[in-house]
Each structure stands twice: as structure tokens, then as C-alpha cells.
Engineer: 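Structure incoming, see below.
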Amino acid sequence: MGAAPASRDVTSYGMGLAAPLALFFLLFFVAPLLQLLWLSLHNDTAGLHWGLGQYLHFLTDPFSLGVLGSTLLLGAEVTAVCLVLGFPIAWLYQRVGPKLQTIIILIVLLPLLTSVVVRTFAWIVILGRQGIINATLQSLGVIDTPLKLLYTQFGVVIALAQVQMPLMTLPLITALGRIDPNFDDASCSLGAGSWRTFFRIVLPLSLPGVIAGCTLTYAAAITAFITQSLIGGGQMLFMPMYLYQQASTLQNWPFASAISIIFLLAVLAVVSVFTTLGRMSRGYGGA
Amino acid sequence: MSGRKRTLEAISFELVMTVIAVIALVIIIAPSLVVLIVSFTSGFSLRFPPPGYSLRWYAELWNAWQLHFAAKNSLIVALWATGLSVALGVAAALAISRSRTLSARLLDSLFMSPLVLPALAFGLAALMLFSLVGLPVSPLTLVIGHTVVCVPYVVRNTVAALAQLEPTLLESSAVLGASRLYTFRRIVLPLIRPGIIAGAFIAFMSSFDNVPVSLFLRDAATDMLPIRMWQDLEGKLDVTIAALSGVLIIATVALVAVMERVTGLSRRLTN
């Protein structure tokens, strides 16, 4: 439809320019995912017998459901920690001069661009038996034997929160920057205290940023294969590693496909819940 | 009285927020600093603080040919994937950025979806498709897989740069008789170049660091650096990896500093 008018309108370009990437995605993104779906709907490895066997297996197996549950829970915990720690950073960013602003942004940005393996490795050094936390506590005489921090849920959550923090903080900084500072002053001059102003004015107005940050953090945290497996160790199993074990070690591609599809749907469900909340919050913010 | 209560209240709020923010910033930056310090240890363990300081593990790195091999592969794949992402992504961004049609919005969502979908699932899917059509794992399959997950960064940053472009500039150029191609080369491209470079930079870094896609699409002949490091760390805690981490951290800081100068990277990521 847009071809004829678009060529006359000098400010826009024809949709044809998107064709190469669209074709590329069709061949190497959409087709693989469709094949994944196709294989997951078969009961045998060769893909000869249609059926919902793989899904039934997953959904009736307490072990598999447990892995899914703990993965979704992990994402929620990491997102909550990132929000609680990330919001004050964004708040501080709006209060300081341009020089400190650049420093804060660079501190937040650097980890995002540093290799995930390196960042995870750093947490092994910190949480390990001879790591900083244990060494400090032992030299202070607080503990005699090293605490077990690595290979625990606590360790995975704190390491993942640090790894994903930029994804939460950047949208929050953007959102807080868009709030008219007059709202703050108006609220205070009308007698509301700082805490009340924060929870009644600043937080609701920044909801679009909160939701954008939560979506990115959650999606990244539950798929963070490297951090989950290195900090969590062998005892804790989350969806990405479960998928990898089934596909690579056990070569059970149909079941691995079903795990992938269930995992994809879980992520999509969470993202669409957040998106709906985001749409509602925009109405709320404007009201 | 009420005035004093309010100031106390205001101070408590500012104090709590500032303290949490500083703690959060320390948590963000501390791990990189710790690795940097440990990488200069003279000992054999990852003990912190190190018993003494030396460059021995960096010297050790010089001879770690497996890591060299993996680093070279990762670099080559990242360069190709970035080049392909820029070529495909910039063209697509031009097409969808100013269009309000349904197809433009659908394409936009499609091109962005690799950012939220679990990359590991895509890696497995790509491996199954390549084996179905009889394409063995090779640098080519790696480049294709990486391009899919890296192209969103190029598209997003280019679309953002195009959104800030004044349409009147293009109209003036056209009124003055410039052809579309000439206008693109002399007006549009120079103005959106920083955005393209920023997108390409992030695409390059995320390809170089990619694990989930490489995990399925590489083999022994195409070992990739993050996977080599991961497997080394699974087996034993090697101080050589700390030295390599040191090199990667310093390289990242240097690249980010350059990019900040060239493209104003930090402004781009908060707008």
C-alpha cells in the first residue's frame, strides 16, 4: 500500500529496505522456531509420531515442574533485588551534578558491556570458601569455618542481581528524568512529606520505567545460563541448564524442544503481563 | 514543630535513598575491581587480598594457546556478525522508522523479539534447522546465529537516531534538487552515524560475549572464548582466567571510553 506515496514522500524510505532483514529473520529465526514447535509435538526422536507426549511428560513430572517453578521464582527474586537497589541509583542520578551523573552512568554501564563470564567469575572470587566475605568474617572472628555462599540460592540471586542491574537502572533513569520536578515541589508545599511524595507521586509517575526495567531484568535473569550454572553449581537446576542437558547430553531433542517452547511461553506470558501493566500505568500516570 | 518534623522526615528519606544508592553502586563496581586485583596475585589461588603481587598470570596468558585460539574465533565471528547486523539492520531501520503502518510495527516487534526470547531456545532451534538442511556447524552458522541476536541493537539505535532527525532537513534538501541518494549520503548518514556506531558497538560486544547461541552452533574446531572460559571455570578455578578477565575488563573500559567520546554512548542508553 505505502509504495507509491512513500516514494514521493522524501522524509521516509520504502518498506523494501526492510526486506533483506525480514527474509533473514524468516529463514534463520522464524523457521527454526517453527521447526522447534513441530518437533516438540512429536512423541519420538525421529519426528514420525504426532502427539502431545512431550508436553504431558513435562506437565505431569514433578521434577520438571519444580525446575520451571524455581526458575520463575528466581527471576522474581532477582527483579525485586534489582528494583530495590536500582531505584535509589536512578533517584541519586537526578540529584547530582553533570560530572557525577556521567560517573554514575559509566559505573552502571560498564558491567553491561563486560563479559558475563568475567562478572560471574568475580562472584566466585567473592563468595568462595577463601573469598572476600569469608576471609573478612574469619579475620574479624565472626565465624570459625567458612560459610557456604557459593552454590546457594542467595549466591545466585545476588550475583544475578549485579549482572542484570544495568537493565533495571537505565530505564529508571530515563523515566525519572521525564518527571516534571514541579510535581515534587507542589507535593511538598502542599504539606506531604518526602516519603509520601515519593510513594504517591514519584513512584507512580515512574511506573513505565519500572515496568520496562522489570521486563528486561526478569527476561534476562531467567535465561542467564552462565551465572546460574557457575554460581548455582550442580545442585540447583534451572530451565536453561535443564534444556541444555536434555538437548546436548541426552540428545533428547523432542523433549528439549518441548522444554524450549514451555520456557518461551513462560517468558512471553511474563512479558505480556508486564506490557499490560505498562499500558495501564501510562493511563494512571496521566490521570 | 511541624517544620522541624518535616526536615527530619526529609533527611531520613534522603539518607536512606543515598545510602542504598551508594551500596548498590559499590555492588555493581566491586566485582570487576576484585577480579582486577586478584589477577595480579603472585600466589596460586584466588585468595583475596592476594599474598603478593606479580605479573606471572599475565605472562602465563601469553602461552595459553587454547585461549588464543578461542579469542581469535570469537573476534572473527563478532566482526562478521556486526558487519552483517549493520548492513541488514540499518536498511531495515530506515524502512520502519518513519512508517506508522501495521506492517512496520509488526516488523519492528519481530526484529526486537530476540532480545526477550530465551537465546538458548533459539540456539537449539537453529542447530536443529541447520542439521535438517545438512549444514554442518561452522563459523558460518555461528555468524548467522549471532547476527539474529545482535541485529536488534543496531535496529534500535538506528531507529532512535532517525527519530531525532528533523524531517525539514530532508525536505529542504529535496527542494534544493538533491536526489534521495545524495541526501542520504550527505545529510542522513552523517547525522545518524553516531547512532549506528553505538548500535554496532553493543552488537559487537554482545556477540563477543555470547554463550547461549554459540553453545549449540560451535564445535571443537570453532571454540569460542566465553565458552572456553566457562568450561575452564567449571573444571578448576584457574588464575589464568583472572588474568584474562583483567585483560577483558581493561579492554572494555578503554572501548567504552572511546565510544563515549565518539557517540555519547551514555546519553544514548538513557534516552
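Just so we're on the same page: letters track the sequence lines, and every chain starts at 1. Computed from a prediction, not measured in an experiment: that's the story for all the values here.
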Engineer: Which region of L39(A), side chain (C-beta onward) or backbone (N, CA, C, O), has a non-hydrogen atom less than 4.5 Å from a non-hydrogen atom of chain B, or is it both or neither?
Structural biologist: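 Contact with chain B involves the side chain of L39(A) alone.
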
Engineer: Which region of I124(A), side chain (C-beta onward) or backbone (N, CA, C, O), has a non-hydrogen atom less than 4.5 Å from a non-hydrogen atom of chain B, or is it both or neither?
Structural biologist: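 Side chain of I124(A) only, per the 4.5 Å heavy-atom cut-off to chain B.
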
Engineer: Select one option (side chain, backbone, both, neither) describing which atoms of L27(A) are under 4.5 Å from chain B's heavy atoms.
Structural biologist: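 It is the backbone, since no side chain atom gets that close.
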
Engineer: What part of V163(A) is in contact with chain B, defined as an atom under 4.5 angstrom from a non-hydrogen atom: side chain, backbone, both or neither?
Structural biologist: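 Neither part, no heavy atoms under 4.5 Å.
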
Engineer: What part of S131(B) is in contact with chain A, defined as an atom under 4.5 angstrom from a non-hydrogen atom: side chain, backbone, both or neither?
Structural biologist: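 Contact with chain A is through the side chain of S131(B) alone.
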
Engineer: How about F225(A) and W230(B): are their ring centroids closer than 6.0 Å?
Structural biologist: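 Ring-ring flag for F225(A)/W230(B): true, centres closer than 6.0 Å.
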
Engineer: Quick check on the interface: out of I20(B), V22(B), L115(B), who has the most heavy-atom pairs with chain A under 4.5 Å?
Structural biologist: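 Most heavy-atom pairs within the cutoff with chain A belong to I20(B).
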
Engineer: Are the ring centres of Y153(B) and F201(B) closer than 6.0 Å?
Structural biologist: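 Judged by ring-centre distance (under 6.0 Å), Y153(B) and F201(B) do not meet the cut-off.
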
Engineer: Checking L92(A) against chain B: side chain, backbone, both or neither under 4.5 Å from a heavy atom?
Structural biologist: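 For L92(A), the contact with chain B is made by the side chain alone.
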
Engineer: Who wins among L33(B), V151(B), L36(B) for the most heavy-atom pairs under 4.5 Å with chain A?
Structural biologist: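 Greatest number of close heavy-atom pairs with chain A: V151(B).
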
Engineer: Could you tell me which portion of T120(A) (side chain, backbone, both or neither) has an atom closer than 4.5 angstrom to a non-hydrogen atom of chain B?
Structural biologist: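 No part of T120(A) comes within 4.5 Å of chain B.
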
Engineer: Please state whether the side chain, the backbone, both or neither of I89(A) comes within less than 4.5 Å of a heavy atom of chain B.
Structural biologist: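 When you check distances to chain B, atoms from both the backbone and side chain of I89(A) fall under 4.5 Å.
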
